[in-house]
Amino acid sequence: MTPQTNAEFLSARPQYTQCVSQLHVDEAVDWEATHGLLLRAPKADGLGFVPAPVALGPSPIPRREFDKVAMLQPVFNQLFDRVSRDHEFLTSTLESLGSSDEFTSRVLAMYTRQRLLGVWKPGVVGMHRSDYLIHAPSDEPEASPLAKQVEFNTIASSFASLSSIAGDFHRFMLAKTEYKDLLQSGTITKEQLPANESLTSIGDGIAAGFELYGSPSAVVAMVVQPNERNIYDQRWVERRLWEKHQIHVVRLTFGDIVDKCVIGDDNRLFMGDKEIAVAYYRSGYAPTDFPSEKEWDGRWLVESSRAIPVPSLAYHLAGCKKIQQVLAQPGVVERFIDDQQMAELVRECFVGLYPLDNTSEGQKAYDLAMANPSNYVVKPQREGGGYNTYGDDVPKLLSSLSDEERRGYILMDLIRAPGFNNVLLRNGQLVASEVVSELGIYGVWVRSFRLLIVQQPVRARMCGSSDKDWRPVSPPPVLKLELYDTEGHMVIDDRFMQFLVIHTTLWTEDQSEELTVVELPHNTNSKRISAAAKCRKRGVTQFGYMSTEPGRELENNLLGDYSASSSIVEDVVGERGCYFVFPNLSIRLEGRYRLKFSLIKLPSMMDGYNAMGPAFLACEFTDPFDVYSIKTFPGMIGKPFGQTLVTVIWVSILIMV
């Protein structure tokens with residue numbers, strides 16, 4: 001029977017002996033050593049590794065709460081993905097910290113710089129861990145035990161590998177010993193030990209990002225701290241990447257990246273002759289990871305390149321405690337989660353979270369913490385509980401901070417998790433100890449999209465300069481944008497797609513020169529001029545107006561509607577999709593060409609009034625096609641435009657409007 005109240009939960013827990021002398025440690029230590037449940041030994045010990053600290057027996061969690069938070073992990077994954085994509089929310093929330101947190105300010109500045117430059121990444125990969133404590137105070141016996149979220153980690157979420165192996169360790173101990181020497185009362189069954197796939201899921205998530213990058217000969221860079229002791233947790237990820245996916249991994253610090261890596265052609269990051277597809281951060285979450293400007297330069301080298309960082313700068317910022325505090329405010333979660341029932345379940349995981357700034361709410365929270373410090377935790381914008389302040393230390397910390405410095409912290413209600421007497425295996429020795437167990441649920445979120453040309457242009461007749469003499473490319477190009485979730489299912493995200501446009505330019509067959517605008521030929525020896533080069537010379541972009549230089553007659557070679565907005569419509573078999581249609585593109589000069597389609601996200605009100613302008617997302621070239629003279633043109637492709645596939649889509653657009 002599942003415990004329904006705090007009293008039932010506390011009384012149903014098994015009781016472990018605290019007399020460690022009757023327990024045998026050798027078999028447990030040997031199992032750890034033979035199964036990779038290890039840490040790198042301190043240098044002073046002169047040993048290669050030591051057994052990882054682990055509880056000899058499992059700690060109890062109410063099944064109902066475990067099942068609930070496991071079910072909610074994909075919802076939290078999507079919640080923080082959407083937060084990361086809401087530029088206005090992300091920046092305005094973190095800018096409220098002012099100058100109180102230099103580290104967060106620098107990450108935010110790097111994010112802003114990256115966004116301004118329009119750096120394109122082939123995909124987004126998130127490795128998350130949502131941490132919980134069971135709130136079950138003994139002085140509230142009739143209340144229900146509830147899993148309450150401590151934090152949501154978005155960068156360098158560690159111990160995915162070792163925690164999975166720890167579950168195997170407990171299953172081994174149960175099968176081998178039935179815990180007869182450890183158990184004083186109660187029972188433990190194999191059904192109570194849930195499966196844990198985090199040993200393989202992290203590597204598989206990185207591999208998904210690697211596949212999105214699209215370069216099979218590339219490598220994954222695991223960005224680590226110098227003298228890393230938790231190396232075996234990381235080695236299991238490397239092993240999965242190689243044995244399952246045949247992906248090589250190189251280990252680099254941020255300093256190593258500066259010394260060994262360069263950005264080459266097409267904004268690709270190289271270490272020697274090795275192209276880096278994914279940079280998986282197991283470092284970078286704290287100021288201590290950036291002791292000098294060199295480390296910041298190393299991170300920027302990754303962020304400014306085509307390589308996929310795990311996490312992205314936006315994901316890193318979304319994990320700040322200030323974001324967590326604002327999400328707990330009324331109505332904010334609902335901004336990002338459409339399903340009201342799911343939004344309510346997410347809210348059930350929150351405890352009270354308050355600002356500590358100079359607002360009236362912040363001053364009220366400050367007064368409460370000073371008066372009753374044992375009820376609260378003070379948190380900075382950092383991953384990990386080691387930075388938190390509890391109990392009698394709370395007034396000391398708050399009294400030492402200026403008003404500006406306090407803005408960098410939040411206040412959180414203390415989760416009253418009950419202690420539990422367990423036996424710990426630490427440094428090869430058994431130690432009886434009261435523990436408070438934190439439950440971490442890992443999640444992988446992969447956001448990817450594909451821009452597909454579902455209808456290629458084949459040929460066209462050269463047109464005149466008059467609107468009456470346009471000769472559309474045949475058949476008209478049609479593109480489809482496919483957006484995928486973690487499970488590989490295609491999704492329609494209206495809030496994202498409504499701000500997308502595709503801009504068209506015309507290029508040579510070998511893609512070496514843009515011919516959207518050319519110098520008109522006055523004789524047979526006239527030379528075509530690169531529009532891109534002209535734009536650079538005149539200091540304008542290809543998206544802006546180009547005037548003719550004195551003595552040079554530059555005119556459009558590509559005519560028609562260069563840009564198309566997205567339309568969510570049904571195709572001929574009834575499947576909804578995001579399409580871009582170009583029905584009237586015409587070309588003036590005979591030749592062999594390709595069209596280049598650039599996917600761009602326009603700024604929206606959600607991006608705030610200080611939005612950085614359009615963001616480039618992806619591009620695709622068509623297959624080569626020919627533009628014929630009037631005498632040599634063989635005719636249009638297939639049926640008239642009104643009866644093609646495009647017409648079905650185009651008519652759908654008109655009907656929907």
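Given the structure is predicted, the values throughout are model-derived calculations rather than measurements. For this chain, numbers begin at 1 and follow the sequence in order.
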Only distances under 3.5 Å count here; give the side-chain donor-acceptor pairs of residues 372-379 to other protein atoms, sequence neighbours excluded, each with its distance to 0.1 Å.
from : atom 1 : to   : atom 2 : distance (Å)
K379 : NZ     : V150 : O      : 2.6

Just to verify, what does [X] make a side chain to side chain contact (heavy atoms under 4.5 Å, CB included) with, not counting sequence neighbours?
X: Q184; result: Q15, T17
X: A208; result: V446
X: E65; result: P62, K68, I134, L146, A147

Quiz item: How far apart are the C-alpha atoms of K244 and D204, what are their side-chain angles, what is the distance that settles it, and do they pass the salt bridge (Lys or Arg N to Asp or Glu O under 4.0 Å) test?
Solution: CA-CA 8 Å; K244 175 69 175 178; D204 292 346; over 6 Å; no
Quiz item: Take atom CG in D139; do more than 12 heavy atoms of anything else shown fall under 6.0 Å from it?
Solution: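 Enclosed: over 12 neighbouring heavy atoms sit under 6.0 Å from CG of D139.
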Quiz item: Would you say Q429 has more than 12 foreign heavy atoms packed within less than 6.0 Å of its CD?
Solution: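 Open: at most 12 neighbouring heavy atoms sit under 6.0 Å from CD of Q429.
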Shortest non-hydrogen contact between [X] and [Y], atoms and distance:
X: I323; Y: L317; result: CG1-O, 3.6 Å
X: A343; Y: I337; result: N-CG2, 3.9 Å
X: W236; Y: I165; result: NE1-CD1, 3.3 Å

Exercise. Side-chain contact test, heavy atoms from C-beta onward, threshold under 4.5 Å: evaluate it for K322 versus D357 and give yes or no.
Key: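 Yes, their side chains come closer than 4.5 Å.
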Quiz item: Under the ring pair (Phe, Tyr, Trp, His ring centres under 6.0 Å) rule, what pairs show up with a residue in residues 177-196, not counting sequence neighbours?
Solution: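 Every candidate ring pair (Phe, Tyr, Trp, His ring centres under 6.0 Å) pair involving residues 177-196 fails, so no pair, neighbours aside, qualifies.
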Checking side-chain polar atoms at under 3.5 Å, does [X] have a donor or acceptor matched by the opposite partner on [Y]?
X: Y315; Y: D81; result: yes
X: S164; Y: E197; result: no
X: N6; Y: H135; result: no
X: R64; Y: Q4; result: yes

Strictly under 6.0 Å, is that where the ring centroids of [X] and [Y] end up?
X: H128; Y: F152; result: yes
X: Y16; Y: F420; result: yes
X: F254; Y: Y281; result: yes

Quiz item: Any Lys/Arg nitrogen of R40 or E228 sitting under 4.0 Å from an Asp/Glu carboxylate oxygen of the other?
Solution: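 Not counted as a salt bridge, because no side-chain N and carboxylate O are separated by less than 4.0 Å.
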Quiz item: Is it true that D101 and R382 make a salt bridge, defined as a side-chain N closer than 4.0 Å to a carboxylate O?
Solution: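 Yes.
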Quiz item: Which residues pass the ring-ring contact (aromatic ring centres under 6.0 Å, His included) test with H35, sequence neighbours left out?
Solution: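 Counting only residues at least two positions away or on another chain, H35 forms a ring-ring contact (aromatic ring centres under 6.0 Å, His included) with W31.
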